J.: 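Before I ask anything, here is the structure I am working with.
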Amino acid sequence: MEPIIELQGLRKSFDGQEVLRGVDLDVHQGEVIVILGPSGCGKSTLLRCLNGLEPADSGTFRFRGSELARGAPWREVRQKIGMVFQRYELFPHLNVMDNILLGPLKVQRRTREEAEAQAERLLERVGLSAKRHAFPRQLSGGQQQRIAIVRALCMNPEVMLFDEVTAALDPEMVKEVLEVMLGLARQGMTMAIVTHEMGFARAVADRVVFMDEGVIAEAGDPAAFFAKPQTERARRFLDQFLTVESWRG
Ligand SMILES: Nc1ncnc2c1ncn2[C@@H]1O[C@H](COP(=O)(O)OP(=O)(O)OP(=O)(O)O)[C@@H](O)[C@H]1O
């Protein structure tokens, strides 16, 4: 089957430093891709290129078979690719429901009644119906992050991208957010996830992509990757986590 997103030979530099050095990646319907790699290897940049937030310097981007170049109608494609970031970027002056409805009403021009009914269902799914009138400052970090996920889902995306969404959370809130993501994966949502939560990565991934210095150093089946990574860099990367985990006791 044709991939939803196809990247070929993607390159991106910042200030003369090449951060992506020719990345090829296909994202297929219903697939969960976990992107791992050392700090600074280009994971966030790749994710941002995946929804056009960051225009690539060269390479091709296809969405459902159609190529999109610089200056192409990215706005439409971006609506089909939801993204959640490390910092929950809810608008502080809007309550939960108004935060969620902003995109559906202003960008998608849907009726309030219809969009609100969907928002209610999504809030129910993440266990936050009671917070629909709360303001972001009245919510915990984990709750805000679940609202940020609902806000992205309410645009009916075909793909969801998650960039270290639990990295800024207190440990006790990490699980509630990861569980929402696991639920989405089980329902067949197509996702690309950057995370440092290795247990979660192993549980959720259909495919692991290991990046190193701006290229995909290896990619494949998560069980095989975690049991026996092929590259020395991936072995060292995973060892770090084992050390930290055993140190934590
Ligand atoms: N907007 C930008 N302007 C300048 N440099 C940038 C920009 N975004 C990223 N970089 C640089 O590109 C490199 C890769 O950054 P990126 O955030 O993609 O890495 P990462 O693998 O996600 O790292 P981490 O795991 O630490 O978040 C880094 O050296 C970073 O400083």
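Order of appearance sets the numbers: ligands from 1, and atoms from 1 within every ligand. None of the values given here were measured: they were computed from a predicted structure.
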J.: Would you call Glu54 a ligand 1 contact, heavy-atom distance under 4.0 Å?
T.: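 No, Glu54 has no heavy atom closer than 4.0 Å to ligand 1.
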J.: As a check for students: among Lys12, Glu18, Lys43, identify the option with a heavy atom nearest to atom 25 (O) of ligand 1.
T.: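 Closest candidate by heavy-atom distance is Lys43.
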J.: May I ask you to identify the nearest protein heavy atom to atom 12 (O) of ligand 1, giving residue, atom name and distance to one decimal place in Å?
T.: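 The protein heavy atom lying closest is Val19 CG2, 3.1 Å.
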J.: Please work out whether any backbone atom (N, CA, C, O) or any side-chain heavy atom from C-beta onward of Gln17 is under 4.0 Å from ligand 1, and answer side chain, backbone, both or neither.
T.: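 Side chain only.
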J.: Are Arg112 and Leu101 close enough that some pair of their side-chain heavy atoms sits under 4.5 Å apart?
T.: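 In short, these two side chains touch, coming nearer than 4.5 Å.
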J.: Pairing donors with acceptors under 3.5 angstrom, does anything connect the side chains of Asn156 and Gln118?
T.: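 Side chains of Asn156 and Gln118: pair found under 3.5 Å.
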J.: Which residue owns the protein heavy atom closest to atom 17 (O) of ligand 1, what's the atom, and how far is it?
T.: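 It is Ser44 CB, 3.5 Å.
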J.: Going by distance only, is there an N or O of Ser39 that falls short of 3.5 Å from an N or O of ligand 1?
T.: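 Such a contact does occur with ligand 1.
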J.: Do the side chains of Met181 and Glu197 get nearer than 4.5 Å, heavy atoms only?
T.: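 With C-beta onward as the side chain, the pair stays apart.
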J.: Considering only heavy atoms of Gly40, which atoms of ligand 1 have at least one such atom less than 4.0 Å away?
T.: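 Once the distances to Gly40 are compared, the set is 13 (C), 14 (C), 19 (O), 20 (P), 21 (O), 23 (O), 24 (P), 26 (O).
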J.: Below a 4.0 angstrom heavy-atom separation, can you tell me which part of Thr45, side chain or backbone, both or neither, approaches ligand 1?
T.: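 For Thr45, backbone and side-chain atoms both sit under 4.0 Å from ligand 1.
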J.: Does atom 30 (C) of ligand 1 have a protein heavy-atom neighbour under 4.0 Å away?
T.: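 Protein heavy atom within 4.0 Å of atom 30 (C) of ligand 1: absent.
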J.: Hey, mind stepping through Glu232 and Arg235 against salt bridge (Lys or Arg N to Asp or Glu O under 4.0 Å) and telling me if it holds?
T.: CA-CA 5 Å; Glu232 179 57 30; Arg235 269 194 289 281; 3.4 Å; yes
J.: Strictly by ring pair (Phe, Tyr, Trp, His ring centres under 6.0 Å), give each pair with a member in residues 29-65 just once, sequence neighbours left out.
T.: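 Matches after skipping sequence neighbours: Phe61-Trp74.
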J.: Determine, stepwise, if the pair Asp163 / Gln86 fulfils side-chain contact (heavy atoms from CB on, under 4.5 Å).
T.: CA-CA 6 Å; Asp163 192 3; Gln86 179 172 336; 6.0 Å; no
J.: Give the atom numbers and elements of ligand 1 that come within less than 4.0 Å of a heavy atom of His196.
T.: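 Close to His196: 25 (O).
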J.: When you look at NZ of Lys43, are more than 12 heavy atoms from neighbouring residues, nucleotides or ligands closer to it than 6.0 Å?
T.: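 For Lys43, atom NZ is crowded (more than 12 foreign heavy atoms under 6.0 Å).
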J.: If I apply the N/O under 3.5 Å rule, does Gly42 come out as touching ligand 1?
T.: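 Checking ligand 1 against Gly42, an N or O pair does fall under 3.5 Å apart.
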J.: Which protein non-hydrogen atom lies closest to atom 3 (N) of ligand 1, naming both residue and atom, and how far is it?
T.: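 Here the closest protein heavy atom is Phe14 CD2, 3.5 Å.
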J.: With a 4.5 Å heavy-atom cut-off, do Arg64 and Gln29 have their side chains touching?
T.: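 Side chain of Arg64 against side chain of Gln29, heavy atoms only: contact under 4.5 Å found.
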J.: Would you say Pro38 contacts ligand 1, with heavy atoms under 4.0 Å as the rule?
T.: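 A heavy atom of Pro38 does come that close to ligand 1.
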J.: Can you tell me if Met211 has a non-hydrogen atom under 4.0 Å from ligand 1?
T.: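 No, Met211 has no heavy atom closer than 4.0 Å to ligand 1.
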J.: Backbone or side chain, does any N or O of Gly37 fall under 3.5 Å from an N or O of ligand 1?
T.: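 No, since none of the N or O atoms of Gly37 sits under 3.5 Å from an N or O of ligand 1.
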J.: Checking Asp24 side chain against Gly9 main chain: does a donor-acceptor pair fall under 3.5 Å?
T.: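 Checked: pair present.
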J.: Which residue pairs satisfy the ring pair (Phe, Tyr, Trp, His ring centres under 6.0 Å) criterion with at least one member in residues 154-206, sequence neighbours excluded?
T.: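 Counting only pairs at least two positions apart or across chains, no ring pair (Phe, Tyr, Trp, His ring centres under 6.0 Å) contact touches residues 154-206.
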J.: Distance under 4.0 Å to a non-hydrogen atom of Glu164: what atoms of ligand 1 satisfy this?
T.: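 Counting atoms of ligand 1 from 1, those under 4.0 Å from Glu164 are 24 (P), 25 (O), 27 (O).
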